2 protein chains.
Amino acid sequence: MARAGVTVERLAVAAAELADEVGFEKVTVAMLARRFGVRDASLYSHVRNAHDLRVRVALLALAELADHVATALAGRAGKDALVAFANAHRDYALRHPGRYAAAQFDLDDDTIATSAAIRHSEMTRALLRGYHLPEPAQTDAIRLLHSTFHGYVTLESTGRFRHTARTPDASWSATLDALDALLTHWPHANQPT
Amino acid sequence: MARAGVTVERLAVAAAELADEVGFEKVTVAMLARRFGVRDASLYSHVRNAHDLRVRVALLALAELADHVATALAGRAGKDALVAFANAHRDYALRHPGRYAAAQFDLDDDTIATSAAIRHSEMTRALLRGYHLPEPAQTDAIRLLHSTFHGYVTLESTGRFRHTARTPDASWSATLDALDALLTHWPHANQPT
DNA sequence: GCACTATCCTAGTATCCCTAGGCAAGTGAA
DNA sequence: TTCACTTGCCTAGGGATACTAGGATAGTGC
């Protein structure tokens with residue numbers, strides 16, 4: 001009997017594609033096996049269990065997202081870089097909803113430490129160099145940016161912005177303007193309102 | 001044989017509690033039936049299917065969250081209101097992770113239109129009155145606030161802020177300062193950098 | 001007391017995750 | 001080339017889940 005040529009890497013890639021089609025949490029080991037023309041039990045020689053598979057998809061997505069952001073960021077600075085960074089996130093999330101959801105998968109500390117999430121944080125820090133924020137404001141700004149971008153795309157893709165005339169694109173661009181202004185005039189503790 | 005006294009309302013409440021204990025997406029019909037001392041098939045006279053159950057939990061969580069926010073907001077204005085609004089969100093999300101996840105459940109348009117999500121949006125709009133933003137900036141600001149708060153608490157609860165010395169509480173309070181400053185000096189299209 | 005409905009049951013189907021154990025294709029060494 | 005070994009796939013099966021069909025019974029209203 002011919003071998004199907006299943007490998008851990010091909011499994012992760014196929015699972016990622018499947019996630020974009022049916023949603024990350026709806027991906028099933030049996031469904032993945034079917035796609036490879038193989039019995040579901042056969043996948044357990046490549047992957048420990050369903051959780052292990054999801055972790056691999058998450059790591060794949062984190063790496064892809066970091067690459068995508070890095071490419072968009074190359075050679076840019078200031079607001080230009082901020083916009084490119086933000087758009088890279090949103091593009092990835094809207095084009096690959098399953099993979100983006102995977103990137104949000106709850107990884108344990110050791111796993112996340114060896115993931116591309118680190119690279120991602122470093123890029124954000126580099127992006128902020130143009131705004132000359134001292135610590136700890138810089139860390140706060142990183143968290144705010146991540147939160148806003150992540151929140152925006154998740155709310156957008158669960159349809160939370162669909163009930164107002166204003167298009168999501170318009171609000172997105174206004175949001176980027178606002179964040180740029182905020183980073184330019186970041187409030188410090190000794191400057192009360 | 002005595003009746004267990006299962007009703008749709010009690011099912012939704014119990015499922016919400018269960019969600020906080022084991023996670024929203026891990027709640028199962030069988031588990032819920034066990035908690036009522038009843039066979040899982042019996043629940044299907046009260047609830048159409050598992051999806052129906054999740055929708056009910058989502059609506060419950062949305063209503064609770066709106067109530068919680070409304071209470072926190074009562075009698076406050078300006079930055080005071082902003083902080084209360086934001087903290088009410090984060091408190092609810094951290095105290096009731098399962099319910100908060102349920103509130104993010106992907107509801108169809110008709111369902112969400114009859115939910116407390118509307119009330120929630122109106123409160124945000126009321127909160128922003130203190131900052132005197134014209135449309136469409138007001139809508140953009142609402143979306144930005146929702147995005148940032150939602151993003152922050154989800155990233156925080158999936159441990160994404162755990163790898164830096166700065167405590168999440170400190171960044172949170174800095175974020176609120178930043179958002180207050182941003183709303184006070186919201187950039188308009190005719191004010192380029 | 002009787003009909004009716006609502007609540008719960010048993011039984012059964014289909015799907016999923018996962019383990020145990022077997023066979024055979026490919027690999028490396030004698 | 002042949003033989004041992006590893007590896008990729010298999011069948012079989014256990015346990016859990018969502019859900020349906022149909023039956024028994026408790027409570028409700030006449």
Side-chain angles (χ1 to χ4, degrees), chain A residues 1-61 98-99 101-102 105-108 111, chain B residues 1-61 98-99 101-102 105-108 111:
Chain A
M1 193 170 297
R3 306 215 161 174
V6 176
T7 65
V8 204
E9 291 79 15
R10 290 189 60 199
L11 274 185
V13 170
E17 289 166 1
L18 215 50
D20 284 336
E21 293 166 22
V22 305
F24 177 62
E25 66 281 354
K26 291 204 166 89
V27 171
T28 190
V29 176
M31 194 188 302
L32 192 58
R34 247 174 270 133
R35 176 155 297 202
F36 277 90
V38 143
R39 293 296 159 129
D40 58 334
S42 304
L43 296 193
Y44 291 92
S45 11
H46 303 276
V47 149
R48 211 177 19 241
N49 50 32
H51 181 266
D52 181 26
L53 177 67
R54 293 203 180 93
V55 169
R56 286 174 197 278
V57 177
L59 292 175
L60 176 81
R99 282 188 253 240
F105 189 63
D106 208 342
L107 300 169
D108 62 75
T111 311
Chain B
M1 194 170 292
R3 304 211 162 178
V6 177
T7 66
V8 205
E9 292 78 16
R10 291 188 59 199
L11 275 184
V13 171
E17 288 166 3
L18 215 49
D20 284 336
E21 294 166 22
V22 304
F24 177 62
E25 66 280 354
K26 292 207 166 92
V27 172
T28 188
V29 177
M31 196 187 300
L32 192 58
R34 246 174 271 131
R35 175 154 300 201
F36 278 90
V38 144
R39 293 288 152 138
D40 57 333
S42 304
L43 296 192
Y44 291 92
S45 1
H46 303 276
V47 148
R48 215 184 9 248
N49 50 34
H51 180 265
D52 181 27
L53 176 68
R54 293 200 180 96
V55 168
R56 288 174 195 278
V57 177
L59 292 175
L60 176 83
R99 281 187 253 239
F105 189 63
D106 208 342
L107 300 170
D108 62 75
T111 311

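Convention: sequence-line order gives letters A, B, ...; per-chain numbering from 1. This one's a predicted model, so the numbers in the text were calculated from it and none came from an experiment.
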If you restrict it to nitrogen or oxygen atoms, what contacts under 3.5 Å exist between nucleotides 13-17 of chain C and the protein, and what is each distance?
unit_1: C/dC16; atom_1: OP1; unit_2: A/R34; atom_2: NH2; d: 3.1
unit_1: C/dC16; atom_1: OP2; unit_2: A/R34; atom_2: NH2; d: 2.8
unit_1: C/dC16; atom_1: O3'; unit_2: A/T28; atom_2: OG1; d: 2.7
unit_1: C/dC17; atom_1: OP1; unit_2: A/T28; atom_2: OG1; d: 2.7
unit_1: C/dC17; atom_1: OP1; unit_2: A/V29; atom_2: N; d: 3.0
unit_1: C/dC17; atom_1: OP2; unit_2: A/T28; atom_2: OG1; d: 2.9
unit_1: C/dC17; atom_1: OP2; unit_2: A/V29; atom_2: N; d: 3.1
unit_1: C/dC17; atom_1: OP2; unit_2: A/A30; atom_2: N; d: 3.0

Would you mind reading off the distance between B/R10 atom CZ and C/dC8 atom C1', rounded to a whole angstrom?
14 Å

Nearest-angstrom distance from the residue atom CZ of A/R39 to C1' of C/dA20:
17 Å

Rounding to a whole Å, what distance do you find between B/L11:CG and C/dT7:C1'?
12 Å

About how many Å separate CG of A/L32 and CZ of A/R10, when rounded to the nearest 0.5 Å?
10.5 Å

Mind telling me whether B/H51 and B/F105 have parallel, tilted or perpendicular rings, with 30° and 60° as the class edges?
tilted

Check this one for me: any side-chain N or O of B/S42 less than 4.0 Å away from OP1 or OP2 of C/dC9?
yes

Please determine whether a side-chain nitrogen or oxygen atom of B/H46 lies at a distance below 4.0 Å from atom OP1 or OP2 of C/dC8.
yes

Quick one: pull up CG in A/D106 and OG1 in A/T111 and give me the separation to the nearest 0.5 Å.
10.5 Å

Could you please spell out the steps behind the side chain to side chain contact (heavy atoms under 4.5 Å, CB included) verdict for A/L59 and A/L107?
CA-CA 9 Å; A/L59 292 175; A/L107 300 169; 4.2 Å; yes

When rounded to whole Å, the CG to P distance for the pair B/L43 and D/dT20 reads 13 Å

With sequence neighbours left out, the residues meeting salt bridge (Lys or Arg N to Asp or Glu O under 4.0 Å) with A/D52 are A/R56

By the definition side chain to side chain contact (heavy atoms under 4.5 Å, CB included), identify the one residue from B/V29, B/V8, B/L53 that meets it with B/L43.
B/V29

